[in-house]
Amino acid sequence: MMWLWNFVSSSIGKKLLMSLSGLFFCSFLVVHLSGNTLLFIGADEFNAYTTFMSSSNLIFGMEIMMIVLFLLHIYTSAVLTLENRAARPEKYKMDVSAGKRTIMSSNMFITGSIVVIFVVLHVWQFKYGDWSNTDPDSMSMYALVAFKLKSPLYALGYVVAVIGVGFHLNHSFQSAFQTLGINHLKYTPLIKKLGTLFAILVGIGFASFPVYFYITPLVTGG
């Protein structure tokens with residue numbers, strides 16, 4: 001098992017772990033976004049969905065795996081960032097923006113930090129918030145979401161956060177495939193375009209929820 005530890009401890013191993021965990025969370029975002037579209041259908045449908053998600057043992061096991069991968073992704077990205085800075089103690093004297101480095105690639109740590117803060121607050125407020133689909137004295141999940149996203153300040157913060165998520169996804173989607181060795185003159189431009197399209201769709205998708213609840217009357221479901 002020492003060879004495995006040596007591999008995951010190497011720069012290539014950490015990049016591979018970060019790429020695979022990043023792609024996993026890309027797929028999770030698609031599933032999460034799909035489930036949240038039930039908000040547009042109605043309170044009963046969304047509450048039934050959240051009840052299943054909060055009570056299924058299978059979902060609980062997946063949540064544990066997600067926490068592990070999330071922490072692993074943060075750890076590997078932080079270590080790689082520090083290693084890169086240590087290997088390049090002085091900032092570039094030339095403007096490298098005309099090369100392969102872009103605004104998004106140069107600020108991945110910043111956008112990643114926004115994602116971490118957003119995820120922690122999001123989980124704290126909605127997973128552990130004052131909601132229950134069985135207790136009549138508590139808000140249903142639909143009512144809690146509607147109440148939170150109706151607030152102009154919260155809605156604005158949510159939109160800004162998902163824009164940060166979109167920027168992070170745009171570069172991470174592309175770099176993940178490059179790390180996995182999928183780097184070809186024919187396919188790389190397509191992957192970059194798909195990454196940009198994916199980031200835009202995910203950003204718009206999640207931003208549509210606060211916009212929807214802000215511009216429509218507050219509806220307390222179930």
Side-chain angles (χ1 to χ4, degrees), residues 22 24-47 49-51 53-54 63 66-67 70-71 73-74 77-78 81 97 102-133 138-175 194-222:
F24 171 83
F25 284 111
C26 284
S27 63
F28 165 76
L29 285 173
V30 173
V31 175
H32 189 49
L33 178 60
S34 300
N36 282 358
T37 56
L38 292 172
L39 287 165
F40 299 137
I41 297 178
D44 292 338
E45 290 78 7
F46 184 73
N47 286 336
Y49 162 71
T50 56
T51 298
M53 295 294 288
S54 62
E63 287 179 344
M66 286 178 55
I67 293 173
F70 187 65
L71 295 176
H73 189 79
I74 295 174
S77 61
T81 299
S97 61
T102 63
I103 294 177
M104 286 176 288
S105 63
S106 301
N107 295 282
M108 284 296 286
F109 189 78
I110 296 177
T111 56
S113 299
I114 294 175
V115 172
V116 172
I117 295 172
F118 173 67
V119 169
V120 172
L121 292 177
H122 187 72
V123 171
W124 176 260
Q125 292 177 338
F126 289 107
K127 183 173 178 60
Y128 301 103
D130 183 21
W131 72 277
S132 172
N133 290 339
S138 298
M139 283 185 172
S140 68
M141 178 57 88
Y142 183 92
L144 178 61
V145 171
F147 175 76
K148 289 288 186 180
L149 298 186
K150 187 69 175 178
S151 166
L153 183 61
Y154 191 94
L156 177 61
Y158 191 99
V159 171
V160 171
V162 296
I163 290 175
V165 172
F167 274 109
H168 192 76
L169 286 175
N170 191 13
H171 179 71
S172 60
F173 185 92
Q174 302 167 17
S175 60
L194 288 176
T196 300
L197 179 62
F198 177 75
I200 292 174
L201 291 178
V202 169
I204 292 177
F206 280 105
S208 66
F209 303 129
V211 172
Y212 172 77
F213 282 106
Y214 182 71
I215 65 177
T216 57
L218 177 62
V219 179
T220 55

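Because the structure is a prediction, the values reported are computed rather than measured.
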Which heavy atom in Tyr158 sits nearest to a heavy atom in Pro210, and how many Å separate them? CD2-CG, 3.5 Å

To the nearest 0.5 Å, how far apart are CZ in Phe118 and NE2 in His168? 13.5 Å

Please enumerate all residues that pass side chain to side chain contact (heavy atoms under 4.5 Å, CB included) together with Leu33, with sequence neighbours excluded. Phe206, Phe209

Are Cys26 and Val30 close enough that some pair of their side-chain heavy atoms sits under 4.5 Å apart? no

Could you state the interatomic distance from CG (Leu197) to CG (Leu194), rounded to the nearest 0.5 Å? 6.5 Å

How many angstroms lie between CE in Met66 and NE2 in His73, if you round to the nearest 0.5 Å? 12.5 Å

Is the distance between the ring centroids of Phe213 and Tyr142 under 6.0 Å? yes

Mind checking what makes salt bridge (Lys or Arg N to Asp or Glu O under 4.0 Å) contact with Glu45, not counting sequence neighbours? none

Could you measure the distance from the CG atom of Leu39 to the CZ atom of Phe46? Nearest 0.5 Å is fine. 4.0 Å

Tightest non-hydrogen contact, residues Val162 and Gly203, listed as CG2-O, 4.0 Å

Quick check for you: to the nearest 0.5 Å, what is the distance between Leu149 atom CG and Leu144 atom CG? 9.0 Å

Between Ile117 and the options Leu121, Ile114, Val120, the side-chain contact (heavy atoms from CB on, under 4.5 Å) test singles out Leu121

Expected output: side-chain Ser208 to main-chain Gly205 donor-acceptor under 3.5 Å: yes

Output for pair (Ile200 CD1, Leu169 CG), nearest 0.5 Å, gives 11.5 Å

Going by the angle between their ring planes, with limits at 30° and 60°, are His122 and Phe126 parallel, tilted or perpendicular? tilted

Ile41 versus Leu38: any side-chain heavy-atom pair under 4.5 Å? yes

Non-hydrogen atoms of Pro152 and Tyr214 that approach each other most closely: CG-CE1, 3.6 Å

Over all heavy atoms of both residues, which pair between Val211 and Ala207 is shortest? Give the atoms and the distance, please. CG2-O, 3.2 Å

